[in-house]
2 protein chains.
Amino acid sequence: MVLYLIGLGLADEQDITLKGLRAVQSCSKVYLESYTSILLVDDFKARMEALYGQPVTLAHRETVELEADEILRGAHEGNVAFLVVGDPLSATTHSDLILRARHYQAPGAEAPTPVPVKIIHNASITTALGSSGLAGYNFGQTVSIPFWTDDWRPDSWLARIGENMGLGLHTLCLSDIKVREQSIEDMSRGVLRYQPPRYMLLPQLISQLLAAAREHQVDFLDPERTLAVALCRMGAEESATRRGELVRAGTLAEMLACTEPDEAQRRQDEQDDEAFEEANPTVSEKEMDARREARRVQRAIDFWGEPLHSLV
Amino acid sequence: MVLYLIGLGLADEQDITLKGLRAVQSCSKVYLESYTSILLVDDFKARMEALYGQPVTLAHRETVELEADEILRGAHEGNVAFLVVGDPLSATTHSDLILRARHYQAPGAEAPTPVPVKIIHNASITTALGSSGLAGYNFGQTVSIPFWTDDWRPDSWLARIGENMGLGLHTLCLSDIKVREQSIEDMSRGVLRYQPPRYMLLPQLISQLLAAAREHQVDFLDPERTLAVALCRMGAEESATRRGELVRAGTLAEMLACTEPDEAQRRQDEQDDEAFEEANPTVSEKEMDARREARRVQRAIDFWGEPLHSLV
C-alpha cells in the first residue's frame, strides 16, 4: 500500500488540495506531524477529523523518530497519511521517513518490503513570500533564527544573510518555534514534562539580528537603513479568536518601534514596577526581569499577533 | 467584491485547495492565466469547467496586459477568479494586476474604487524541489534559462549559478516555455499568427549551461563532475496519454548521455540522412540541420517526456 506525505498548506484544514483530501480519505490511519509547524485555527484536530471522516493521531517528534516502524507497518498493510503543515518536504526532517520506507522490511519477511511513498505538495512560506511583493528570483538562502538563551546564542545565520546581501539578494528569516520542548532542568532530573509552546515574535527576531550584527561588527544590517517585510500568519483568515494574515514593511528600527512604549507608557511601566517591588519586597531581580520580558512579549503579541512570524 | 488570485498547484485540476475551489465557485467570472505555465493533463479546460460548474476563460498575455481593466471591472461588480498554475505570486508578472486593482477607478466614479485582492497560495516548483532530496535551506537564487537563438544568447544566469556555487548552494534552473509566441518574421510583416508551444527540454538546457560555461571559461560547471537532479513534470500522474513525474540524478554528462545515440544508432542516423539527401537532391543544409534537430528533440521527449523540465 502507500505512505502518503501530504502538505496541508498554510493555515487551516481548508488549505489541503482535492488530491490530498482524496488520498487522506483512502487511508486507514492518519497522522498529523505536529512539531515543525502548526495550523492557525482553534480545534484544528476536530475540524480535520470532521473533514476527513476519521480520527487523526498527533505525531510528535518522538513518535516519528522512535516509532517510524509502526507508521511503516501500517503503510505496509494499508494506506497511511502523514500530514505536514505547509509542504511535506520543506523541512528535511521527513526525508528520514522516506528513506526508512524504501528500506522497510516487514516483520517475518525475509527480504526488504519497501513501502511506496507518494508526495502531495502544497504551499509553504517559500511560496507565500510572494505576498511580500518581492520577486522569488531575488531570494538567496533561507535561514532559521533560533531562540537565544543566556548561554547559547547560535548566530551562523548572520553570515548567510551577509552572503545573500553581498549578492543583492533577499533572505527569508524563519522564526523559531518550540513545541513540546523540555526544560534543561527537567531533562537533567529525568522529568518528562513539556514546556508551553513558544513562538518567536518579530521584535525578538529583529533584536537578535541586530545584536548579532553588533557583536560581529558587520555593516550590512543597520536598524535605520535595512528594509524588511514582516510576514505573519500567511494565509490565515481573521476569526473571532484569531488574527489573520499581516504583512508590513519598514526599516528594522521602524518595525521595532511598532511595539516600543512611548515616553508616557514607559514612565507608567516604571511606576508599576516600583509599586510591585514595594508590595513584594522579597522579589528578586530575576523575577523583575521576567516581569518586564512578559510585558514586552504581550506588547509584541498585541501588535503582531501570534504565531508564525517571518521576515524577508 | 473580490479579485481572487488562486494557485492551481503543480499538475492538474485536482491540485487546487478546498479554499481555492470554494472561492472559484463564488465567482461570476473565471480566468485561467495561460502563458507562464500549463497544467499537465489533456482537456484541462473541460475538466476545470466540470469541477467548477462554470465556464473558464483563457487569459493570454495580451488579455492580462491590455485588458486588465476589463478583469477589474468584473471584480468591481462581482467576484472574479484569476487562476494561475503553481503559486499565483511565484511569477512577478501578476504583481501588476494587484497594483492596478489597488488603484482601480470604476467608469464614472469620481474617486478611486480599489478592488480588494485575495491571494490563495499553492505549491509551485519552489516547494516541489524538495522531491529532489536536497534541503530547501541550501538553495540560492533561482534562474530561468531562456531559449537561445542564432543571434540572441542571453547568459546572465551563468554568473548567478556561479554565485550560488561559490557559497556552496544549489540552483533551481527553470527551463523556458514559449506559448503563443510570434515568429520574428510574422511580427515584422504584421501577421498575427502564433507558433506552436515550445518547452525547453533537459538536453538543451544542459547544453546551454555547458556552452555558456565554456564561452566564459568558468570552472564551476564541469560535465563530468557537476552533479544535478532533473525534475520533470513534478506532481503529474501517469496516464494513458501522459508521462508522470520523473526525478533523476547524475552528472551533467550522464544526463546528456541518456539521450545520445550509441555508435550503431549514430551510423543509422547518418545513413538515413544520406538516403534522404539522395531522394531530395534540392534539400538545403538548413533543412538537414532542422531534420537533425527534430531527431534530437524527439529522443529527448522519448526519454524525459514533455514538458516542464527543471534542474537543481
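Since this is a predicted model, take the numbers as computed values, not measurements.
- When the options B:Val115, B:Asn79, B:Val80 are evaluated for a side chain to side chain contact (heavy atoms under 4.5 Å, CB included) with B:Val2, the one that passes is B:Asn79.
- Classified by interplanar angle (parallel below 30°, tilted 30° to 60°, perpendicular above 60°), the ring pair A:Phe82/A:His94 is perpendicular.
- If you tally non-hydrogen atom pairs under 4.5 Å between each of B:Gly20, B:Gly7, B:Gly166, B:Ala128 and chain A, the highest count goes to B:Ala128.
- For B:Ile16, the parts lying near chain A are the backbone and the side chain together; criterion is any non-hydrogen pair under 4.5 Å.
- Of the listed residues A:Lys118, A:Glu237, A:Arg22, the one with more heavy-atom pairs under 4.5 angstrom with chain B than any other is A:Glu237.
- Taking 4.0 Å as the cut-off between side-chain N and carboxylate O, A:Arg153 and A:Asp155 do not count as a salt-bridged pair.
- Neither the backbone nor the side chain of A:Glu245 comes within contact range of chain B, judged by heavy atoms closer than 4.5 Å.
- Counting heavy atoms from C-beta on, the side chains of A:Val143 and A:Cys173 come closer than 4.5 Å.
- Only the side chain of B:Leu51 comes within contact range of chain A, with at least one heavy atom under 4.5 Å from a heavy atom of that chain.
- You'll find the side chain of A:Asn122 stays beyond 4.5 Å of the side chain of B:Thr127, heavy atoms only.
- There is no contact between A:Arg160 and chain B, counting heavy-atom distances below 4.5 Å.
- Using a 4.5 Å cut-off between heavy atoms, A:Leu5 makes no contact with chain B at all.
- For a residue to count as touching a neighbouring chain, one of its non-hydrogen atoms must lie under 4.5 Å from one of that chain's; by this rule A:Leu21 touches chain B with the side chain only.
- Nearest heavy atoms, A:Met200 versus A:Ile145: CE-O, 3.4 Å.
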